[in-house]
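See structure below.
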Amino acid sequence: MKKSLRLKILSGLFAVLFGSAVYAGNAEYRSNYDIVILYTNDVHCFVDNSIGYAGLVAYKKDMQAHTPYVSLVDCGDHLQGNVTGMASKGSYIVDIMNKAKYEYAIIGNHEFDYGLDVLRDRIKASKFQYLNCNATYNGKNEDPFANTVPFKVRRYGLNKVGFVGVVTPKSISSSTPANFKEDGRYVVDLKGKDNGQELFDTVQSAVNGCISAGANYVIVLSHLGTNASHAPFNSKSLIANTTGIDAVLDAHSHSIIANEIVSNKEGRNVLLTSTGTALERIGKLTINAGGIKSELISDYKNKDQAMTEFINSIKNNIGGSMNKIVGNSNQALSVYNENGVRIVRNSETNIGNWVADAMAFTAGTEIGFCNGGGIRADIKAGEITLSDLYAVHTFNNTLIKAKITGQKLLNILENSYRFVAKDAVGPDGSALNENGGFMQVSGINLTIDTSVESPIKVDDKGIFKGIEGPNRIQGISVKVNGKFEPLDPNKEYIIAAPDYISTGSKNGSNKISEDDVIEKYGVLPEAFVEYFKHLGGDFSKYKTIEGRIIIK
């Protein structure tokens, strides 16, 4: 019997017996001790909810009691996403990760949200090594990636493990495009040519570098995600088009994957895993004589006291003002459906309606919209603090009022809904065709016909180029003087939106330009505070979905 066939049979037997994917790998393991790689992804600054960093440190110490070979790594989106990150532009998060003694981390798309200069400073301040094989800089300022390396090979006794870092080429369109520009031109190259081959070749070169340096196992830390709509820039496409990788620790799509076996370019097994988000789980990859195994730890209760005290001191520095009680709400607003599936990125939600209404109210407009990817947390029923409201949108986006034509509004929304599927949730219970750009709207009623192929054309950075073909959006109407009327492409409308939707340029048929902007306000959460106070916490009108966005 061929070795490859024996390995597949053993892999299947282990999966049946132990409920997890185990395979022998492609190397002889030379140690009596396990190698344990603990991994996190998409923590988004949720430093002390669920397991939290204090639980992570405690679990790491538990593992170190059993083996001297324990490493802690992160797969991106750690600097941004909650008050702790926003208050310090990620500085507090680097402090926490330094204290937790991470060894390696990679850049997620949201690490770019504070700008290249801030990212450069955060990388400099980290005591752990940032891995980055595909982001390069060609601007005039100090290189933000100067202190990153494509890969690192780490010795564990007689074994060597190579670690490679890769960030999604879609970062430019899924962060703030202006953050990647200097003097109006893009200065960051993420190896994102259309067919994906440029990215695959870049990662393959780093993997080959690990092997040449003596690595007998290669692990990729990936911020690509598993969304099919992101192909070829997703983790499964990467695996299918490369060789030499043993495991991919994934991020970006917030997928919960304890273990999945994916075939590489040569048909060999590669283990794929991801923890979800917000440190609700710890990922654990184990390498030993039995092979390679991954599992997710979700029921760990212990906390490291020193880390707890450290985080509390940071929270105290942020200030007790964030714990100020704003009032009480009589209705919960959520990014999830009743089954706990996130749908704010593919369908209308009550919190999306509330956010869009809050922006329109604060800007004094009848029309408002906000991308679902910018709505990050629920609002619970009951006592509400400033921190609760700021957690809904933790980016540095400000609220703007702008005047745009009906045609530009239609283009923005058409681009926003290009991935929408008829059903929000698939047969397996996962969200379908999520897109962070999916607009939650106020003062707009529309119907999306999913039988119509999206007419949107984008460039190699995923930026809107134009529309070719019939619109998916049909029957769109907008509120004018308190009444809804059909959208007129030639008429101008006053709208409220996050400045995220602005390119900062002088033109663009799909973006709000600086010339369009009438007024700029404070950061978006301030609008939520104003609207919350205006309603007095009465969310009764948001108890049910209104049908602002009909998907057929």
Side-chain angles (χ1 to χ4, degrees), residues 42 109 168 170 173-174 194 196 224-237 240 250-257 260 262 272 274 276-277 334-353 355-356 369-376 409-441 444-458 462-465 467-476 501 510 544-552:
D42 300 295
N109 57 300
T168 174
K170 288 187 169 289
S173 57
S174 58
D194 288 344
L224 295 175
T226 58
N227 288 348
S229 62
H230 291 175
F233 305 117
N234 61 27
S235 53
K236 292 184 179 181
S237 297
D250 199 30
H252 187 46
S253 58
H254 296 196
S255 304
I256 302 171
I257 306 172
E260 182 176 348
V262 181
L272 173 66
S274 183
T277 185
S334 183
V335 301
Y336 304 96
N337 68 7
E338 63 278 5
N339 296 317
V341 179
R342 185 177 67 183
I343 59 171
V344 74
R345 300 181 181 210
N346 64 11
S347 54
E348 181 183 348
T349 58
N350 63 355
I351 195 168
N353 290 346
V355 164
F369 46 87
C370 181
N371 54 302
I375 303 173
R376 312 297 286 195
L409 175 57
L410 180 59
N411 288 351
I412 291 171
L413 296 175
E414 187 69 46
N415 186 52
S416 154
Y417 302 133
R418 68 186 185 274
F419 298 121
V420 173
K422 183 176 181 180
D423 297 316
V425 181
D428 64 349
S430 63
L432 292 178
N433 290 31
E434 287 188 291
N435 173 26
F438 181 98
M439 293 298 175
Q440 301 286 337
V441 299
I444 300 172
N445 291 329
L446 59 88
T447 298
I448 304 168
D449 186 349
T450 58
S451 69
V452 177
E453 184 177 351
S454 174
I456 298 297
K457 303 301 177 185
V458 298
I463 304 299
F464 176 89
K465 280 178 30 177
I467 293 179
E468 297 178 12
N471 288 326
R472 303 184 93 196
I473 295 175
Q474 300 176 358
I476 180 170
I501 300 170
N510 178 56
T544 57
I545 301 300
E546 297 179 18
R548 301 179 185 186
I549 304 170
I550 303 298
I551 301 173
K552 67 176 185 178

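Side-chain atoms are counted along with the backbone in the values below, which use heavy atoms only and exclude waters and symmetry mates. Every value quoted in this text rests on a predicted model; they were computed, and no experiment measured them.
The CD atom of Glu348 lies 5.5 Å from the CD1 atom of Ile549; values are rounded to the nearest 0.5 Å. Atom-to-atom distance recorded for Ile448:CD1 and Thr450:OG1 is 8.5 Å, nearest 0.5 angstrom.
The heavy-atom pair separating Gly196 from Phe233 by the smallest distance is CA-CE2, 3.7 Å. Of all the heavy atoms in Tyr336 and Ser334, the pair that sits closest is N-OG, 2.9 Å. Heavy-atom minimum distance, Gly437 versus Ser416: O-OG, 3.0 Å. Contact between Pro470 and Pro455 at its shortest, heavy atoms only, is O-CG, 3.4 Å. Gln474 and Asp449 get closest at one heavy-atom pair: NE2-OD2, 3.4 Å.
A donor-acceptor contact shorter than 3.5 Å links the side chain of Glu414 to the backbone of Arg472. Put simply, the side chain of Asn471 never gets that close to the backbone of Ile473: no donor and acceptor are under 3.5 Å apart. No side-chain donor-acceptor contact under 3.5 Å links Gln440 to the backbone of Arg345. Between the side chain of Glu468 and the backbone N or O of Lys457, no donor-acceptor pair lies under 3.5 Å.
Using a 4.5 Å cut-off on side-chain heavy atoms (C-beta onward), Asn350 and Ile545 make contact. When side chains are defined from C-beta on, Asn353 counts as touching Arg548, because their heavy atoms get closer than 4.5 Å. With a 4.5 Å cut-off on side-chain heavy atoms, Leu413 and Val441 count as touching. Counting heavy atoms from C-beta on, the side chains of Asn371 and Met439 come closer than 4.5 Å. Residues Ile467 and Ile456 have side chains in contact (heavy-atom distance under 4.5 Å, counting atoms from C-beta outward). Proximity of Thr349 to Val335: side-chain heavy atoms (C-beta onward) are nowhere separated by under 4.5 Å. Contact annotation: the side chain of Tyr417 never approaches that of Ile551 to less than 4.5 Å [non-hydrogen atoms, C-beta and beyond]. With a 4.5 Å cut-off on side-chain heavy atoms, Asn234 and Asn227 do not count as touching.
Not counting sequence neighbours, the partners of Thr226 by the side-chain contact (heavy atoms from CB on, under 4.5 Å) test are Ser235, Asp250, Ser253, Ser255, Ile257, Leu272. Looking at residues two or more places apart in sequence or on another chain, you find a side chain to side chain donor-acceptor pair (under 3.5 Å) between Ser430 and Asp428. Checked against side-chain contact (heavy atoms from CB on, under 4.5 Å), Ala431 has the following partners two or more places apart in sequence or in another chain: Val341, Asn346, Glu434. The side chain to side chain donor-acceptor pair (under 3.5 Å) test applied to Asn433 returns no partner, not counting sequence neighbours. Legend: residues meeting side-chain contact (heavy atoms from CB on, under 4.5 Å) with Asn109, ordered by chain and number and at least two apart, are Asp77, Thr168, Ser171, Ser174, His223, His252.
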Worksheet entry | side-chain contact (heavy atoms from CB on, under 4.5 Å) assessment of Leu224 paired with His230 | CA-CA 8 Å; Leu224 295 175; His230 291 175; over 6 Å; no
Review item, side-chain donor-acceptor pairs of residues 418-427, under 3.5 Å, at least two apart:
from   : atom 1 : to     : atom 2 : distance (Å)
Arg418 : NH1    : Asn415 : O      : 2.9
Arg418 : NH1    : Asn415 : OD1    : 3.0

